[in-house]
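For reference, the structure discussed in these notes is given below.
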Amino acid sequence: MILGTAGHVDHGKTALVKALTGVDTDRLAEEKRRGITIDLGFAPLDLGGDGVLGVVDVPGHEAFVRNMLAGATGVDLVLLVIAADEGVMPQTREHLAILDLLGVKGGVIALTKCDLVDDDWLALVRDDVQSLVAGTALEAAPMVPTSVVSSRGLDALRDALARAVRAIPARDAADVFRLPIDRAFSVRGTGTVVTGTVWSGRLTRDAAVRILPSGASARVRNIESHGAAIDAALPGTRAAIALAGVGVAELSRGSVLVADEAWVASTTLLADVALLPDAPRPLGPRTSVRFHLGTVEVGARIVAPGGALAPGARKHARVVLDAPVVARAGDRFVLRNASPLATIGGGVVADPAPAQRRARPWPVDAATPAQRLIQVLEHAGPLGVSMASLPVRIGAQPEQVPSLVASLDSARRVGDLLYAGAVVDALENRFVSLVDEHHAAFPLDPGAPLQSVRVRTTPNPGLADLIVSTLVRQQKVDVSSGLVMRHGWTPTLDQRARSTLEGIARILEQADREPPSVEELEQQFGPDTVSVLKVLERESRAVQVAPDRYYATAALDRLEALLRSAMADGREKSPSELRDVLGVSRKYLIPLLEYADRTGLTQRRATGRIIGSRTPSGPRVSAEGEGIRLS
Ligand SMILES: Nc1nc2c(ncn2[C@@H]2O[C@H](COP(=O)(O)OP(=O)(O)OP(=O)(O)O)[C@@H](O)[C@H]2O)c(=O)[nH]1
Ligand SMILES: [Mg+2]
C-alpha cells in the first residue's frame, strides 16, 4: 500500500517521514542546499503486522505542485501535514483539493511542530483544520499532534496509520499490469532502470513489457522494492524495474510501463470533467490547460457539449490532448491552469480510447464498468469494440469481462468484436429493407444478390455473417444459390409477364441451336426480359450459356448429346471439328464450348478438347459452383 504526504512547504513532511522511517528522502544536493523538497522521495514504513507502507514524500512548494501530482496520483492513503505554528496555508488547500480530485479515500492528519505552540493555540488550529476538511475524504481522518523534536505523537501516528491501512481494501493482482514511470535512470552493470508505483496487476522477472506512448518493447531483467530484490512486483507497491532492450533515453517521467495488449495511448479521452467552485473563470473549448494523469503532464483542451464549463459545474466532455496519454476507464485526473498556476478541476476517465466518431454526450454517471460497457458499445456503433481492449476501455478486471458481456442481453459478439444490440438490430433492419427494395423493383426476380446486400449493409464480413444467420434463423429471409429473398417470397408472374415468358420460350425453342441474344430479346419483349429469362431458367426451360445468351433446355440437350457422341472415341477434337459436329457458326461455337468446359462436359487441352467428367444426367454447374451472373 502507498502512503503519500501532502501539505504546505516547510510544514515538516520530510522530517516526519524521516522520524517514522529513518530515511531522509531529500536526496538531491539542491534540496539539501535550499532546505526544501523539490522532487519525489521514497521510503518504506514498516508497520509490523500491518505490512510495509511505501511512502512517497512530495514537495509542498507551490512551484513543484506538478511533482506533487506525479507522486500523489497512485497513493492509497494520505498523510496530510499541517504545521501547528502556521496552520492552514495555500498549498494545504491546494493539495487537499488535488487529493479529493484524485479520489484518495482515506488518511491521517498530522499537526506538526507542536513543540512550538501551546495547547490553546493547538486547539484553535485543530478547529481550523476540522472546518477545512469538512466535506472532503479526510473529514473523518484522525488528527494527531506531533513533534519530531520531542517525538510527541509518533507512536500515535503509527497506530493511526495502521488503522487506516486496515480500512483500505488491497488491490487485486489479477489485473492488467500498469506502472506509471516516475524516474528512469541508468545503473552501471544493470542498465536501464525505471521506478514507479504499481497501479494494477503483477509483474514478474523475464516478463515482456511495453513502454507507452513510444510503443518500445523490453524485457524485465530484475525487480526491486525499497532496495531489496523481489520476484514479482505487486499492485500498490513501489518498484524499481531493470529493463533489457530499451535505452534510458527512450524513457522519462510520464511514460507508462504495461504488460497487456489492452493498453493503448490516445490523444482523445471521454471523461466526466468538473471545474472547482473557486476556479477563476469558465473553461471554454479553446482554453489550454495542463492535464495530469498518473505521472504524465500534457497540454489539453476540454470540449464540453453546450459550451464552456462553469466553475462548480460537472459535465461529460471530450478531452483533447497535445500528446498521447495512457489511461483506463475510471482513472482520475487533475486539471491545472498554466498561468496563473493553479489547480482548477479534474475528472474521471469514461472512455480512454473512444471511437473517432461524433459522440452523443454521455450521462455523467456512467460510473460502473457495466454502464461504461453499454456506452462504449453504443458509441462504437458498427465499428464494434474489441473484447481484448475491454479491461482498459471499461476499467474492469480481465476475469470480470466475460460475465459483464454475458450479462448484457443486447451485446452481440463476432469473434473478438462486440457490438451493441441496437446497432446490430438497425443493420438487420437495413438488410431486410434492401431485400424488400429488390423485390419491389424486380418482382420477377427470385431474390437479390446476397453479396451486394451484405456489402451494402456493412463492410465487416463477420458482422454480415451474424446478420444473415440471425435473419435466416428468425425466418425473415432465405438464402439460396447466391441470392437472398424474404422468407416465403415467390416471384409474381402477372398476365403480361406470363405471356412474355411464353413468347420468349417459343422463340428460344424455335431458334434451336442459334438463339437470339438477351439484347435482341429485350428489343422485342421489353424490360421484363431478363427477369423472365431467370424464371425460365428456374423452371428448367432455359439455360444461360453465356452472359448474353440463353438456350432452350431441349435445344441445349440436343447439342450436348451431339458433343458427347462425337467425343466418345476419347480423341482430342479441334474447334473446327466440333463446329462441324454442332452445326453452328463461330459466333455461337466459342461460348458453347466455354460453357461445356465450365460445366465439365468437355475438358480443354492445348489444341482442342476431350470429353469431361460430367455424366448426361449430371448437374450443369460450373466448377466453382456458381452460375453466370448478369447483374
Ligand atoms: N521545531 C520543529 N521543527 C520542525 C519539526 N518538523 C520539521 N521541522 C523543521 O521544519 C523545517 C521544514 O521541514 P521539512 O520536513 O523539510 O518540511 P517539508 O514539509 O518537507 O518541506 P517541503 O518538502 O519543502 O514542502 C525544517 O527545518 C525542519 O527541521 C518539528 O516537529 N518541530
Ligand atoms: Mg519535504
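Counting heavy atoms from C-beta on, the side chains of Asp260 and Val392 never come closer than 4.5 Å. Put simply, the side chain of Asp206 reaches to within 4.5 Å of the side chain of Arg219, judged on heavy atoms. The side-chain heavy atoms of Arg210 and Val326, taken from C-beta on, include no pair separated by under 4.5 Å. The shortest side-chain heavy-atom distance between Val58 and Asn67 does not fall under the 4.5 Å cut-off. Side chains of Phe42 and Val23 form no contact here, defined as non-hydrogen atoms less than 4.5 Å apart. At a threshold of 4.5 Å between non-hydrogen side-chain atoms, the residues Leu179 and Val209 do not count as touching. You'll find the side chain of Arg372 stays beyond 4.5 Å of the side chain of Asp351, heavy atoms only. The closest side-chain heavy-atom distance from Leu111 to Met143 is below 4.5 Å.
Salt bridge Asp76/Arg171: present, at least one basic N to carboxylate O contact under 4.0 Å. The existence of a salt bridge linking Asp26 and Lys32 is excluded, since no basic side-chain nitrogen approaches an acidic carboxylate oxygen closer than 4.0 Å. Using a 4.0 Å cut-off between charged side-chain N and carboxylate O, Arg93 and Asp278 make no salt bridge.
A donor-acceptor contact shorter than 3.5 Å is absent between the side chain of Ser151 and the backbone of Val148. With hydrogens and angles disregarded, no donor-acceptor distance shorter than 3.5 Å links the side chain of Thr287 to the backbone of Leu283. In terms of modelled atom types and a separation under 3.5 Å, the side chain of Arg221 and the main chain of Thr190 share a donor-acceptor contact. With Asp231 contributing its side chain and Arg205 its backbone, the two residues share no donor-acceptor pair below 3.5 Å. Side chain of Gln130 to backbone of Glu139: a donor-acceptor contact under 3.5 angstrom is found. Distance alone, capped at 3.5 Å, is enough to place a donor-acceptor pair between the Thr112 side chain and the His11 backbone. Side chain of Lys13 to main chain of Gly7: a donor-acceptor pair is present (N/O by atom type, distance under 3.5 Å, no hydrogens or angles).
For the atom pair CD1 of Ile36 and CD1 of Ile38, the computed distance is 5.0 Å after rounding to the nearest 0.5 Å. Distance CG/Leu373 to CD/Glu378: 11.0 Å, rounded to 0.5 Å. Taken from CG in Asp50 to CZ in Arg158, the straight-line distance is 12.0 Å, to the nearest 0.5 Å. In this structure, Asp172 CG and Glu399 CD are separated by 6.0 Å, a value rounded to the nearest 0.5 Å. To the nearest 0.5 angstrom, Ile394 atom CD1 is 5.0 Å from Leu404 atom CG. Residue Ile374 holds its CD1 atom at 7.5 Å from OG1 of Thr368, rounded to the nearest 0.5 Å.
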Q.
Between Val65 and His292, is the side-chain contact (heavy atoms from CB on, under 4.5 Å) condition met? List the steps.
A. CA-CA 11 Å; Val65 174; His292 297 258; over 6 Å; no
Q: Run the numbers on Arg238 and Thr197 for side-chain hydrogen bond (donor to acceptor under 3.5 Å, both in side chains), then give the verdict.
A: CA-CA 5 Å; Arg238 293 289 309 167; Thr197 297; 3.0 Å; yes
Q. So Val296 and Val256, side-chain contact (heavy atoms from CB on, under 4.5 Å) or not? Walk me through it.
A. CA-CA 9 Å; Val296 79; Val256 182; over 6 Å; no
Q: Please test Leu16 against Leu157 for side-chain contact (heavy atoms from CB on, under 4.5 Å), starting from the C-alpha separation and ending with a verdict.
A: CA-CA 10 Å; Leu16 198 53; Leu157 188 57; 3.8 Å; yes
Q: Please lay out, stage by stage, how Phe177 and Leu257 fare under the test side-chain contact (heavy atoms from CB on, under 4.5 Å).
A: CA-CA 8 Å; Phe177 178 83; Leu257 191 68; 4.2 Å; yes
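Under the rule for a side chain to side chain donor-acceptor pair (under 3.5 Å), the partners of Glu30 that lie at least two apart in sequence or sit in another chain are Arg34. Residues satisfying the side-chain contact (heavy atoms from CB on, under 4.5 Å) criterion with Ala63, sequence neighbours excluded, are His61. Every residue meeting the side-chain contact (heavy atoms from CB on, under 4.5 Å) condition with Pro398, not counting sequence neighbours, appears here in chain and number order: Asp175, Val176, Pro391. By the side-chain contact (heavy atoms from CB on, under 4.5 Å) test, Ala207 pairs with Leu203, Thr204, Val220, sequence neighbours left out. Evaluation of the side chain to side chain donor-acceptor pair (under 3.5 Å) rule for Arg27 yields no partner, not counting sequence neighbours. Residues that satisfy the side chain to side chain donor-acceptor pair (under 3.5 Å) test with Ser266, not counting sequence neighbours, are absent from this structure.
Of all the heavy atoms in Cys114 and Ser147, the pair that sits closest is N-CB, 4.1 Å. The nearest pair of heavy atoms linking Gly107 to Pro142 is O-CD, 3.6 Å. Residues Ser217 and Val246 come closest through the heavy atom pair O-CB, 4.4 Å. When all heavy atoms of Ala274 and Leu309 are compared, the closest pair comes out as C-CD2, 4.4 Å. The two residues Pro285 and Arg301 come nearest to each other via the heavy atoms O-NH1, 3.0 Å. Of all non-hydrogen atoms in Asp118 and Trp121, the two that sit nearest each other are OD1-N, 2.9 Å.
For the 3.5 Å distance criterion, the side chains of Arg336 and Thr343 qualify, holding a donor opposite an acceptor. Thr295 and Asp182 share no side-chain donor-acceptor pair at under 3.5 Å. Between the side chains of Thr14 and Thr37, at least one donor N or O lies within less than 3.5 Å of an accepting N or O. Side-chain contact of Gln91 with Glu94: a donor-acceptor pair under 3.5 Å is present, judged by distance alone.
Applying the 6.0 Å contact sphere to CZ of Arg202 captures no more than 12 heavy atoms from other residues, nucleotides or ligands. The neighbour count for Arg66 CZ, taken as heavy atoms of other residues, nucleotides or ligands under 6.0 Å away, does not exceed 12.
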